[in-house]
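Here's the structure we're looking at; comments come further down.
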There are 2 protein chains.
Amino acid sequence: MVGNGRTPSVKDVAAAAGVSLGTVSNVMNRPEVVSPATRERVERAMAELGFVRNESARQLRAGTSRTLAYVMLDGGNPFFHDVAQGIELAAEDADLSLFICTSNGRADREAVHLDRLMQQRVQGVLITPVNPDAPHLAEISRRGIPVVIVDRVGAGGAFCSVAVDDVLGGRIAVEHLAEQGHTRVAVVGGPESLGQVRERLEGARQVWAELGLPAEDLIYLPTEALSVAEGRSAGERLAGIPARRRPTAAFCANDLLALGLLQQSIGAGLRVPEDLAIVGFDDIEFAAAAAVPLSSVRQPRQELGRAAAQLVLEEAAGGRHEHQQLSFVPELVARASTVLRPKVF
Amino acid sequence: MVGNGRTPSVKDVAAAAGVSLGTVSNVMNRPEVVSPATRERVERAMAELGFVRNESARQLRAGTSRTLAYVMLDGGNPFFHDVAQGIELAAEDADLSLFICTSNGRADREAVHLDRLMQQRVQGVLITPVNPDAPHLAEISRRGIPVVIVDRVGAGGAFCSVAVDDVLGGRIAVEHLAEQGHTRVAVVGGPESLGQVRERLEGARQVWAELGLPAEDLIYLPTEALSVAEGRSAGERLAGIPARRRPTAAFCANDLLALGLLQQSIGAGLRVPEDLAIVGFDDIEFAAAAAVPLSSVRQPRQELGRAAAQLVLEEAAGGRHEHQQLSFVPELVARASTVLRPKVF
DNA sequence: ACGCGACTTTGAAATGTTTCAGACGCCGTG
DNA sequence: CACGGCGTCTGAAACATTTCAAAGTCGCGT
């Protein structure tokens, strides 16, 4: 607490407490080996000087960092926040800090972030990559930093990964719509460069074929991004389809799209779900809060994050390690946007 | 790229390139002082060995960190993401990394994060604090780390701060409702320990009094948090008020509350805005995307973040520095939740 | 009185950079 | 030919910690 200029170091603390450097270090890292009396004296000195350990020096010497990093794909999508939350919880338990970066879908930003993370020698990297085959990931991993892919399964098992079964997710969404009697369904999503999108659509097509429905009645509306605005634009295109051919239901590759589509449709005077049933993907909090609560394929978002963190820690702990691809099972949450339910007024 | 075990250091690079340590360092930090030939040789060596600079060592010696930190108040609120985005942009320009943490409204988490940030000797801290008078903030600042308060004005001008005028925001929201002819209005928000909430409500009360409307017709519905769920609960309480006394409009302290209230009201069969007009605060993206697009008091979210980052950098740059309290002017965005507009079908 | 083990404390080395005063070579000038 | 200056490169010190072998200290049983 003294305003003597420079911020105090262990040396200052040692001097103030009348002990050696090593003892001060022991108080911080192995308190059990130092006698209660000295420990107390050192602690008082630290408090008086307002000592704060220099993490860079610690890390340099100890060789081990105390931080994990998560590189998010889209900061604007609450889904990733819930995942981050799960990671943070696990990090907290392991007494680590969590560094959150966001690539916002840009490979170059992602590369910059990864580069910096290597320089910081973080203990592990969790990432929802723009492209899971990016050479950066392989390189970072080769350097001995554990990498786990979140919400995507890694290329060729080169990393651990945690994801839900997106194909299955697509299946149950469309299956649900079919059960409600829909025989002309739109699937909306894009860009197809995103694996999540490809697989969800793939699941939709699979189940459609298995149900023996004609392929041309599953109408694909591509979008440029997974955003609310793109959802609205898809809605406009949908409205443009001649009534006889127009789908009576839509499966959106995520909730942001679904929300946009929902808003556009209602604004255009359609009733949901009577005129158009909608099911989304992710089950973000805003899905339930939409004016017509949105049916959605739920991912266990926090759980995803937590499991990913566990994997990264396990790999960081060393010992024998087999890369694992954890796959969670998605679950349909049916709400008013697909099923008419008696409402109590 | 050689798999020789340990990760290579400057020393290894120097050896490989046949130069001294200092030269390698110069290549990285002052390329102009080294001759093109040597520089090229060193660069090749770095590439071949796969050298990655150790940031801890750099920071330890150079004494300066290359990261900024933002401690968010609520990770679940998209508003703070837009702010973070603004900060990130500014950080990117200054070639710094941004460390994002979230306190989720808990003072203890906030303290833990701040402590770690001090240990890391970050270059500056941006924070939307649980409580701007927290001693931690003063301490961190006393240590010479610039602190700027975001979305809140700092206690007694001890720090820089960036915020919108929340009182004014409350005023224009209620003024707008009054203009639409409402004479019984609910204000919903809480907890009152949040300064944002107190001031927004204060603005509402001010303008109500100035309009000469009876105080008892401005009905306060307190909430425990600024969340969608609490908004719904407020909706239930609102519905419980006898029709003669029931407000015809509501001003919510943020958009999350407004969205919850909107959903609950529509679900209960009310028409918005005919039976209940709603105005929120923040103008998050989901506000416009709600089934009944939400009127809201817009804050220049990215701009807030950018300005805050600029302030922190300015203070970090040293030189004479006066703490400033930047205040932005909020702006009402009127949408369908308060005004009936002809729609085109 | 002595030796032994348990518990504490010490001091120096090591970590990977940056910085800076100086050394070196070379050229043009007086 | 000596000299100063310039451009380039070097070597050692410094940064704040952790770690670890070794040295002390103490009490106790013989």
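Chain letters run A, B, ... following the sequence lines, proteins first and then strands; every chain starts at 1. Predicted, not measured: the structure shown is a model, and the values here were computed from it.
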Donor-acceptor side-chain pairing of B:Gln325 and B:Ser161 below 3.5 angstrom: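 Indeed, the side chains of B:Gln325 and B:Ser161 share at least one donor-acceptor pair under 3.5 Å.
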
message: I'd like to know if the side chain of A:Arg58 pairs up with that of A:Asn29 as donor and acceptor (distance under 3.5 Å, no hydrogens or angles considered).
response: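 Checked: A:Arg58/A:Asn29 side chains show no N/O donor-acceptor pair below 3.5 Å.
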
Reckon [X] touches a base, only the sugar-phosphate, or nothing at all at heavy-atom distances under 4.0 Å?
{"X": "A:Ser56", "answer": "nothing"}
{"X": "B:Thr23", "answer": "base"}
{"X": "B:Val24", "answer": "nothing"}
{"X": "B:Ser35", "answer": "sugar-phosphate"}

Look up atom [atom1] in [X] and atom [atom2] in [Y], then write down how far apart they are to the nearest 0.5 Å.
{"X": "A:Cys160", "Y": "A:Glu322", "atom1": "SG", "atom2": "CD", "value": "9.5 Å"}
{"X": "B:Leu311", "Y": "B:His321", "atom1": "CG", "atom2": "NE2", "value": "6.0 Å"}
{"X": "A:Leu68", "Y": "A:Glu88", "atom1": "CG", "atom2": "CD", "value": "10.5 Å"}

task: Decide, yes or no, whether a salt bridge links A:Arg142 with A:Glu139 under the criterion of side-chain N to carboxylate O below 4.0 Å.
output: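 Answer for the salt bridge query: no.
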
query: With a 4.0 Å cut-off, would you call B:Arg44 and B:Glu40 a salt bridge?
result: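 So B:Arg44 pairs with B:Glu40 through a salt bridge.
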
message: Please identify which of these residues, B:Thr128, B:Leu137, B:Val162, meets the side-chain contact (heavy atoms from CB on, under 4.5 Å) condition with B:Ile149.
response: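 The side-chain contact (heavy atoms from CB on, under 4.5 Å) with B:Ile149 is passed solely by B:Leu137 among B:Thr128, B:Leu137, B:Val162.
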
query: Can you tell which of A:Val148, A:Leu96, A:Leu98 makes a side-chain contact (heavy atoms from CB on, under 4.5 Å) with A:Ile87?
result: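 Single side-chain contact (heavy atoms from CB on, under 4.5 Å) partner of A:Ile87 among A:Val148, A:Leu96, A:Leu98: A:Leu98.
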
message: Among D:dC15, D:dT17, C:dT18, which nucleotide has an atom closest to any side-chain atom of B:Leu60?
response: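 It is D:dC15.
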
message: Among D:dA16, C:dT9, C:dT17, which nucleotide has an atom closest to any side-chain atom of A:Val34?
response: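 Within the option list, the nearest is C:dT9.
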
Strictly under 3.5 Å: I want the nitrogen or oxygen pairs between protein and nucleotides 19-26 of chain D, one per line.
residue: D:dT19; atom: OP2; partner: A:Arg30; partner atom: NH2; Å: 3.2

- request: For A:Val52 and for B:Gly18, locate the closest nucleotide of DNA chain D by heavy-atom distance; then report the residue assigned to the nucleotide nearer the 5' terminus.
  value: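 On the 5' side of the pair lies B:Gly18.
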
Measure [atom1]/[X] against [atom2]/[N] and give the value in whole Å, please.
{"X": "B:Glu40", "N": "D:dT8", "atom1": "CD", "atom2": "C1'", "result": "17 Å"}
{"X": "B:Arg58", "N": "D:dA16", "atom1": "CZ", "atom2": "C1'", "result": "15 Å"}
{"X": "B:Asn54", "N": "D:dC15", "atom1": "CG", "atom2": "C1'", "result": "13 Å"}
{"X": "B:Lys11", "N": "C:dT17", "atom1": "NZ", "atom2": "P", "result": "10 Å"}
{"X": "B:Arg66", "N": "C:dT17", "atom1": "CZ", "atom2": "C1'", "result": "15 Å"}

- request: Tell me whether the OP1 or OP2 atom of D:dT10 has a side-chain N or O from B:Ser20 closer than 4.0 Å.
  value: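 Looking at the OP1 and OP2 atoms of D:dT10, one of them is under 4.0 Å from a side-chain N or O of B:Ser20.
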
task: Kindly say if A:Thr38 contacts the phosphate of C:dT8, meaning a side-chain N or O under 4.0 Å from OP1 or OP2.
output: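 It does not, given that no N or O in the side chain of A:Thr38 lies less than 4.0 Å from OP1 or OP2 of C:dT8.
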
query: If you fit an axis to the five pairs at each end of the helix from C:dA1-D:dT30 to C:dG30-D:dC1, how big is the angle between those two axes, to 10 degrees?
result: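 The value is 70°.
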
